Amino acid sequence: MRFDIITLFPEMFSAIKEEGVIARAIKKSIISINEWQLRDFSENKYKNVDDKAYGGGAGMVMQVKPIRDCIKKIKEQEPETKVIYLSPQGEPLNQNLVEKLSSFESLTLLCGRYEGVDERIIENDVDLEVSIGDYVISGGELAAMVLIDSVSRRLPNVLGNKDSLNDSFVNNLLDYPHYTRPESIDGDIVPEVLLSGNQAKIDAWRLEQAKHKTRQKRPDLLSN
């Protein structure tokens, strides 16, 4: 799978490209991440890609032409890429959307800054707006990293153990509790069923615990 990122801060992505699951997936050639510096598509000597908003107001707006030219360049290499704009107005990034996005071979992630991008980009050049939550962050880069990580985990051979995919939000349930050695800490003991060696009983206990946690912490998930 290929990720192309349109950004003013390409250096930020070294955080995920050089460590952890994503770094290993890149080394295995399962995914590739390509950063595109938007200022390279500016036609003025100052490399500006933003301007004042029509109608006034605080902040600057990212211009159409540099973004459109960058998308055109990416599509010369990946004609079928899906262009995603990371935006608080977008569709919430949940597990169902992650599954959908993981089925594509190429995603282009547009990272906004300032007051966002000219609306004409959203209307004509973007396939999908995606939000990682109902709050505001300084730019789309962090949101893009979250999307890359969550989508990449769903690709074959990215995780060392396929059972690791059975995590929170699978089947609309939170994850069950996890324990490790030592068996007892300050009198707090690991549940006996986990020490039984009876996998059927362990699986049943884990399912009940997942349901209990979901009822207790995220009852809204059960309605789905």
Side-chain angles (χ1 to χ4, degrees), residues 1-41 49 66-67 69-87 90-113 125-133 137-171 173-176 178-181 206:
M1 187 172 192
R2 170 171 168 156
F3 296 95
D4 288 278
I5 304 159
I6 303 173
T7 174
L8 295 175
F9 300 98
E11 300 83 3
M12 290 180 66
F13 291 88
S14 61
I16 60 170
K17 291 178 68 174
E18 297 174 7
E19 302 289 346
V21 170
I22 301 303
R24 293 195 294 272
I26 292 172
K27 289 178 181 177
K28 293 179 183 177
S29 299
I30 300 172
I31 68 171
S32 64
I33 299 177
N34 309 290
E35 302 94 337
W36 297 77
Q37 170 56 265
L38 187 58
R39 295 192 190 281
D40 291 342
F41 295 85
V49 294
I67 297 173
D69 287 349
C70 186
I71 292 173
K72 180 181 178 181
K73 191 73 173 178
I74 293 169
K75 286 192 171 183
E76 288 175 1
Q77 301 178 17
E78 289 289 331
E80 301 301 318
T81 191
K82 299 296 180 182
V83 180
I84 296 174
Y85 175 47
L86 286 309
S87 161
E91 180 179 343
L93 184 66
N94 56 29
Q95 198 63 28
N96 288 335
L97 181 55
V98 166
E99 294 283 353
K100 177 182 175 181
L101 295 178
S102 68
S103 68
F104 296 114
E105 294 185 1
S106 174
L107 297 177
T108 295
L109 308 180
L110 172 58
C111 301
R113 282 273 162 173
D125 301 87
V126 167
D127 296 305
L128 178 67
E129 290 183 84
V130 173
S131 168
I132 63 168
I137 54 179
S138 299
E141 285 80 9
L142 292 175
M145 292 183 211
V146 170
L147 187 149
I148 291 169
D149 187 279
S150 61
V151 170
S152 296
R153 287 171 54 86
R154 306 304 302 177
L155 301 178
N157 302 316
V158 168
L159 299 180
N161 187 335
K162 65 179 181 180
D163 290 337
S164 297
L165 293 173
N166 298 322
D167 213 330
S168 289
F169 305 111
V170 174
N171 299 321
L173 293 175
L174 298 182
D175 202 7
Y176 51 77
H178 297 270
Y179 299 86
T180 189
R181 294 176 177 80
R206 285 175 168 171

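Just so it is clear, the structure is predicted and the values come from calculations on it, not from any experiment.
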Nearest heavy atoms of A144 and L86, plus distance in Å | N-CG, 3.9 Å
Do L159 and V21 have side-chain heavy atoms sitting under 4.5 Å apart?
-> yes
With side chains defined as the heavy atoms from C-beta onward, is the minimum distance between D125 and V83 less than 4.5 Å?
-> no
Does V126 reach the side chain of I84, with side-chain heavy atoms less than 4.5 Å apart?
-> no
From L147 CG over to F3 CZ, what is the distance, rounded to the nearest 0.5 angstrom?
-> 6.5 Å
Taking only residues two or more places apart in sequence, or in another chain, which ones meet S102 in a side-chain hydrogen bond (donor to acceptor under 3.5 Å, both in side chains)?
-> none
Sequence neighbours excluded, every pair satisfying side-chain hydrogen bond (donor to acceptor under 3.5 Å, both in side chains) that has a member inside residues 138-149 = T7-E141, R113-E141
Partner residues of D69 under the salt bridge (charged side-chain N to carboxylate O under 4.0 Å, His left out) criterion, sequence neighbours left out = K65
For N94, check side-chain contact (heavy atoms from CB on, under 4.5 Å) against everything at least two apart and list the hits.
-> N96, L97
About how many Å separate OG of S131 and CD of E91, when rounded to the nearest 0.5 Å?
-> 10.0 Å
Measuring from I22:CD1 to K27:NZ, what's the distance to the nearest 0.5 Å?
-> 13.0 Å
Where L93 and S150 come nearest, the two heavy atoms and their spacing | CD2-OG, 3.9 Å
Test item: Q37 side-chain N/O and R39 main-chain N/O as donor-acceptor pair under 3.5 Å | yes
Would you say the side chain of E78 lies within less than 4.5 Å of the side chain of T108, judging by non-hydrogen atoms?
-> no
Grab the two heavy atoms, one from K28 and one from V158, that are nearest each other, plus how far apart they are.
-> NZ-O, 4.2 Å
Residue of the set I5, L8, L38, I6 for which side chain to side chain contact (heavy atoms under 4.5 Å, CB included) holds with C111 = I5
Could I get the full list of side-chain contact (heavy atoms from CB on, under 4.5 Å) partners for E76, not counting sequence neighbours?
-> K72, K73
May I ask you to test the L101-L107 pair for a side-chain heavy-atom distance under 4.5 Å?
-> yes
Give a yes or no on whether a salt bridge exists between E99 and R154, defined as a side-chain N under 4.0 angstrom from a carboxylate O.
-> yes
Once you round to the nearest 0.5 Å, how far does CD of E80 lie from OG of S106?
-> 9.5 Å
Checking K82 side chain against D127 main chain: does a donor-acceptor pair fall under 3.5 Å?
-> no
Taking distance alone, no hydrogens or angles, what donor-acceptor pairs closer than 3.5 Å link side-chain atoms of residues 29-36 to residues at least two apart or in another chain?
residue, atom, partner, partner atom, Å
E35, OE1, K17, NZ, 3.3
E35, OE2, K17, NZ, 3.2
W36, NE1, D4, OD1, 2.8

